[in-house]
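Each remark here refers to the structure printed beneath this line.
In listed order, ligands and their atoms are each counted from 1. Quick caveat: nothing in here was measured; it's all calculated off a predicted structure. Just the heavy atoms: all of them, side chains too, but no hydrogens, waters or symmetry mates, feed the values below.
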Amino acid sequence: MEQSPATTFFTTVLIIGAGPSGLAVAACLTTKHIPVLILDRDDSTAPLWRYRTYDRLHLHLPKQYCQLPLLPYPPSSPTFLPCADFIRYLDDYVATFGLKKHLKLRRRVDSAKFDSAAARWRVSAANLESGKVEEYEARFLVVATGENDEPVLPVGITGLDRFKGDAVHSQQYRTGKAYDGLDVLVVGSGNSGMEIACDLAEGGARCAIVVRSQVRRPILLSV
Ligand SMILES: NC(=O)C1=CN([C@@H]2O[C@H](COP(=O)(O)OP(=O)(O)OC[C@H]3O[C@@H](n4cnc5c(N)ncnc54)[C@H](OP(=O)(O)O)[C@@H]3O)[C@@H](O)[C@H]2O)C=CC1
Ligand SMILES: O=C(O)C(=O)Cc1c[nH]c2ccccc12
């Protein structure tokens with residue numbers, strides 16, 4: 001059977017990733033009237049912040065280090081924003097710069113090639129709603145897919161397959177209250193591991209933490 005040709009979309013700048021970075025790039029370009037399209041495989045902007053964070057999450061950095069270009073936080077907002085406030089800010093950001101019309105969600109980018117003869121990027125994406133392949137042609141490509149979207153699990157932990165308890169990645173962890181009275185081992189002493197260990201202890205778990213190399217010292221910022 002003959003395949004119908006893929007639909008092609010044209011733009012000047014194609015941005016992959018609708019997290020804070022992708023949205024910031026899009027806002028800066030659209031205010032200069034440069035055409036953009038933003039692709040994301042998830043069904044919303046900032047999916048990591050919406051779907052894969054624990055309940056008590058606040059930004060660890062003071063708000064002045066976490067604001068996106070062209071839209072300051074109101075002075076009344078707290079110095080360390082709760083996650084829900086940060087998401088609201090990102091939603092306001094999308095509304096303020098009219099980014100919704102440039103967003104193409106549920107698009108999984110599968111390849112990106114630079115066609116030097118045409119001086120264009122040719123990007124192929126699966127439309128996860130329709131199941132069809134879409135092609136995108138752009139003069140510039142911005143990859144804003146973040147560092148933390150995909151969970152990283154250590155491979156080859158002997159006996160993990162026989163472990164009777166829950167083993168979850170920090171992306172699935174929500175609250176220490178769910179572990180009241182249980183023994184929990186936290187692997188990793190970055191910001192996630194440290195804060196989750198604290199949340200577990202406050203939730204009533206007996207908690208231990210694995211530190212592979214070192215406990216990093218906090219950098220003190222004046223706020
Ligand atoms: N509220 C906020 O704003 C928050 C921000 N963040 C940010 O998100 C990013 C990711 O943070 P995080 O999720 O903590 O990840 P990180 O990469 O910062 O930390 C991962 C930790 O896991 C350890 N680790 C990895 N593999 C193994 C293994 N096989 N055995 C033992 N230990 C292992 C690492 O040890 P080693 O040091 O030896 O590599 C490290 O301590 C950071 O930029 C962080 O600042 C995170 C949480 C909250
Ligand atoms: O507050 C922290 O520690 C974070 O890791 C969040 C964060 C890092 N870089 C950012 C850029 C914009 C908004 C939030 C963050």
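Between Phe86 and Trp49, the ring center distance clears the sub-6.0 Å criterion.
Salt bridge Asp110/Arg108: present, at least one basic N to carboxylate O contact under 4.0 Å. The residues Glu202 and Arg56 are annotated as salt-bridged, a charged nitrogen and a carboxylate oxygen being separated by less than 4.0 angstrom. Salt-bridge annotation for Glu135 and Arg120: absent, with no side-chain N of the basic residue lying under 4.0 Å from a carboxylate O of the acidic one. A salt bridge links Arg88 with Asp85: the closest approach of a Lys/Arg side-chain nitrogen to an acidic carboxylate oxygen falls below 4.0 angstrom. A salt bridge is defined here as a Lys NZ or Arg NE, NH1 or NH2 lying under 4.0 Å from an Asp or Glu carboxylate O, and Asp43 with Arg50 fails to meet this definition.
When distances from atom 43 (O) of ligand 1 to the protein are checked, no heavy atom turns up under 4.0 Å. Protein heavy atoms are found less than 4.0 angstrom from atom 37 (O) of ligand 1. Atom 25 (C) of ligand 1 is approached by the protein to below 4.0 angstrom, counting heavy atoms only. Within a 4.0 Å radius of atom 1 (O) of ligand 2, the protein has at least one heavy atom. Inside a 4.0 Å radius of atom 15 (O) of ligand 1 there is not any protein heavy atom. Distances from atom 10 (C) of ligand 2 to the protein include no heavy-atom value under 4.0 Å.
Within a 6.0 Å sphere centred on CG of Asp166, heavy atoms belonging to other residues, nucleotides or ligands number 12 at most.
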Determine, step by step, whether Asp149 and Arg52 satisfy the salt bridge (Lys or Arg N to Asp or Glu O under 4.0 Å) criterion, reporting the C-alpha distance in whole Å, the side-chain angles of both residues, the deciding distance to 0.1 Å, and the verdict. CA-CA 9 Å; Asp149 193 67; Arg52 298 191 279 282; 2.7 Å; yes
Starting from the C-alpha separation in whole Å, work towards a yes-or-no answer on side-chain contact (heavy atoms from CB on, under 4.5 Å) for Ile34 and Val13. CA-CA 8 Å; Ile34 297 168; Val13 183; 4.0 Å; yes
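The backbone N or O of Ser44 lies less than 3.5 Å from no partner atom in the side chain of Asp42, so there is not a single donor-acceptor pair. A distance-only check finds no donor-acceptor pair linking the side chain of Gln67 to the backbone of Pro72 [under 3.5 Å].
Val187 CG1, 3.6 Å is the protein heavy atom nearest to atom 31 (C) of ligand 1. Considering only non-hydrogen protein atoms, atom 3 (O) of ligand 2 sits nearest to His60 CB, 3.2 Å. Given atom 12 (C) of ligand 2, the protein heavy atom at minimum distance is Cys66 O, 3.7 Å. Remark: minimum distance from atom 3 (O) of ligand 1 to any protein heavy atom is reached at His60 N, 3.1 Å. Of all protein heavy atoms, the one lying nearest to atom 4 (C) of ligand 2 is Leu61 CD1, 4.4 Å. At the top of the distance list for atom 23 (C) of ligand 1, counting protein heavy atoms only, stands Gly188 CA, 3.6 Å. Looking from atom 19 (O) of ligand 1 to the surrounding protein, the closest heavy atom is Gly190 CA, 3.7 Å. For atom 40 (C) of ligand 1, the closest heavy atom belonging to the protein is Arg216 NH2, 3.6 Å. Closest to atom 27 (C) of ligand 1 among all protein heavy atoms lies Arg212 NH1, 3.5 Å.
Counting heavy atoms closer than 4.0 Å to ligand 1, residue Asn148 contributes side-chain atoms (C-beta onward) but none from N, CA, C or O. The part of Tyr54 lying near ligand 1 is the side chain, judged by heavy-atom distances below 4.0 Å. For Ser189, heavy-atom contacts with ligand 1 shorter than 4.0 Å involve the backbone as well as the side chain. Within the 4.0 Å heavy-atom criterion, the part of His58 lying near ligand 1 is the backbone and not the side chain.
The two residues Ala26 and Val36 come nearest to each other via the heavy atoms CB-CG2, 4.3 Å.
Both Val168 and Leu57 belong to a common hydrophobic cluster when Ile, Leu, Val, Met, Phe, Trp and Tyr are linked at side-chain heavy-atom distances under 4.5 angstrom.
The heavy atom nearest to atom 7 (C) of ligand 1, out of those in Asn191, Val186, Leu57, is found in Asn191.
Any N or O atom pair closer than 3.5 Å counts here, and Ser192 shares at least one such pair with ligand 1. For a threshold of 3.5 Å applied to N or O pairs, the pair formed by Ser170 and ligand 1 contains no separation below that value.
Taking the six-membered ring where tryptophan is involved, the planes of Tyr173 and Tyr54 are perpendicular, since the angle between them exceeds 60° and thus also 30°.
Because its NZ or CZ atom is not both nearer than 6.0 Å to the ring centre of Phe80 and within 45° of the ring axis, Lys63 does not count as a cation-pi partner of that residue.
Applying the 4.0 Å criterion to heavy atoms of Leu59 picks out, from ligand 2, the atoms 1 (O), 6 (C). Ligand-side atoms of ligand 1 in range of Pro154: 29 (N), range being under 4.0 angstrom from any heavy atom. Residue Leu59 approaches ligand 1 through these ligand atoms, each under 4.0 Å from one of its heavy atoms: 3 (O). Under a 4.0 Å criterion applied to the non-hydrogen atoms of Phe86, ligand 2 contributes the atoms 13 (C), 14 (C).
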